[in-house]
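Okay, structure first, notes after.
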Amino acid sequence: MLRTLTAKRRNTLILSLALAALAGCQTTSPTTGSSGVSYGDSKAVETVTTELGSTDIQMISEKMTQSLIQTPEIQTLVKKRQLMMASPVKNKTSEYFDTRLITDTILTQLQKNGVRYTIESEDMQNQVDELRRQNQSGLYNKSKSVKMGKMEGAKYRLDGSISSIIKKTSDMKDVYYKMNLRLIEIETGVVEWSDEKEIRKTARR
Amino acid sequence: MKRHLYSLGILLATSVHAFAQAPEMAPSPGPSIASKLEEQGKMDYLQVTDLRATKRDNLLRIQAEITNTHAGNQQLYYRFKWLDRDGFSVWDEEPWKPMTLYGNQKQFINAIAPTFKAADFRLLLQSPNNTAN
């Protein structure tokens, strides 16, 4: 009888320990998967390669926004509710990257300060398609449709380029990037503001 | 990091907001430089030796002087937090920015608030080569 009780207690103890061990394997973290994928800080300094990366794009956008926002033209543009736009920045480097990453960030940050901007040529087709759909398809109630010929033109446009110089030796690679951005009054073609950002990245092999 | 106890001379928007130096034991008339810094770890060789802020054209402008007290190069990472008068954040997180300071060099960090709403700031600093918690 005594032996049976002891055996029962031992089994209960083993079962409890096994359950505790299983519970220990579980995590309270709200994640799933175990493939080694993890999320990082999108604002961290990225030094994976010397090619243009997230930190470079973020630093360029930030510098240009800070410089632009203090210009009298932008402050007048905000007060008078005038419009600006961004032309595609020329990528003169040997790398491929979408330069709209830079201009989109600059425009978004300026808009948070009251700057209004118009769509650029790349987005124009979607705009024209929608205007035509509402006005020419015959599917929409005309009294509740937007009108053609009401689009507003920008007073200023942003334009610029990004270039690079690459130097390599057997054990070292040095890349120099230079981004130039200008604010141009569209009617006159006068450059009202310009600034540049330089970045140097060096890697030892 | 040996903090220099500087007093904050906060003036009105029309004048320069300078973080002026004061004797260490003197009663501080305003916030110190230290109150504007957030260091991630302890920096042994890099010090913020001057910090100025002013508001021009409704935008907060900051100038911080960083001094490298070591003979060798030091790497610094920094970014700003932009706050309103009540201490609420008024801008998204900035990217960390790298800066190299040569041996015994002094260098300025100049920044302009990205928004007209910014009335206060914090300077976040991290130096990986001499951080020890």
Side-chain angles (χ1 to χ4, degrees), chain A residues 39-50 52-79 101-102 104-115 174-177 179 193 195-204, chain B residues 13 16 38 40-41 43 46 53-64 73-84 88-102 105 107-119 121-129 131:
Chain A
Y39 282 87
D41 177 10
S42 62
K43 307 293 182 184
V45 176
E46 180 261 297
T47 54
V48 178
T49 67
T50 55
L52 206 77
S54 61
T55 300
D56 307 313
I57 300 288
Q58 288 166 346
M59 286 198 302
I60 290 168
S61 307
E62 188 181 283
K63 160 87 192 283
M64 296 302 179
T65 308
Q66 284 186 357
S67 180
L68 261 172
I69 198 175
Q70 56 183 314
T71 59
E73 285 76 19
I74 292 295
Q75 298 198 359
T76 307
L77 188 135
V78 172
K79 277 180 201 154
L101 283 169
I102 299 170
D104 281 357
T105 306
I106 294 170
L107 289 175
T108 303
Q109 294 190 347
L110 287 174
Q111 195 177 42
K112 287 181 182 174
N113 285 296
V115 173
D174 180 87
V175 188
Y176 168 80
Y177 294 103
M179 163 95 192
W193 163 95
D195 207 342
E196 55 189 31
K197 172 74 180 170
E198 296 170 298
I199 293 170
R200 160 158 269 131
K201 295 171 91 172
T202 308
R204 293 193 180 277
Chain B
V16 172
E38 286 182 22
Q40 298 192 329
M43 299 198 298
L46 299 178
T54 186
K55 216 164 190 185
R56 281 187 206 151
D57 300 327
N58 266 336
L59 287 167
L60 190 60
R61 289 152 197 257
I62 313 294
Q63 180 177 279
N73 293 359
Q74 292 294 323
Q75 184 72 43
L76 175 71
Y77 299 110
Y78 72 93
R79 68 177 176 188
F80 286 89
K81 270 186 199 169
W82 302 103
L83 311 169
D84 66 12
F88 285 92
S89 175
V90 289
W91 199 251
D92 297 337
E93 273 192 347
E94 281 193 354
W96 284 100
K97 289 167 277 285
M99 176 188 250
T100 302
L101 285 104
Y102 299 120
Q105 190 195 16
Q107 203 165 324
F108 286 129
I109 293 174
N110 284 297
I112 297 162
T115 171
F116 298 107
K117 294 174 193 164
F121 70 97
R122 296 290 180 276
L123 175 55
L124 281 71
L125 298 162
Q126 188 181 34
S127 181
N129 296 333
T131 295

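What's counted below: heavy atoms across the whole structure, side chains too, no hydrogens, waters or symmetry copies. A quick note: this is a predicted structure, and the numbers were derived from the prediction, not measured.
Using a 4.5 Å heavy-atom cutoff, the side chains of B:Arg79 and B:Glu93 are in contact. Within the 4.5 Å cutoff, side-chain heavy atoms of B:Thr54 are placed close to those of B:Arg61. Between B:Trp82 and B:Leu60 the shortest side-chain heavy-atom distance falls below 4.5 Å.
In this structure, chain A has a heavy atom under 4.5 Å from the side chain of B:Asp92, while its backbone stays farther away. A:Gln58 touches chain B through backbone and side chain together, each having a heavy atom under 4.5 Å away. Within the 4.5 angstrom heavy-atom criterion, only side-chain atoms of B:Tyr77, from C-beta onward, approach chain A. Residue A:Thr65: no heavy atom, backbone or side chain, is found under 4.5 Å from chain B.
Note: A:Glu62 leads A:Lys112, A:Gln75, A:Lys63, A:Glu62 in heavy-atom pairs under 4.5 Å with chain B. Between chain B and the residues A:Lys43, A:Gln109, A:Gln66, the largest count of heavy-atom pairs under 4.5 Å involves A:Lys43.
At distances below 3.5 Å, not a single donor-acceptor pair connects side-chain atoms of A:Glu198 with backbone N or O atoms of A:Arg200.
B:Tyr78 and B:Phe80 have perpendicular rings, their planes meeting at more than 60° on a 0 to 90° scale where under 30° would count as parallel.
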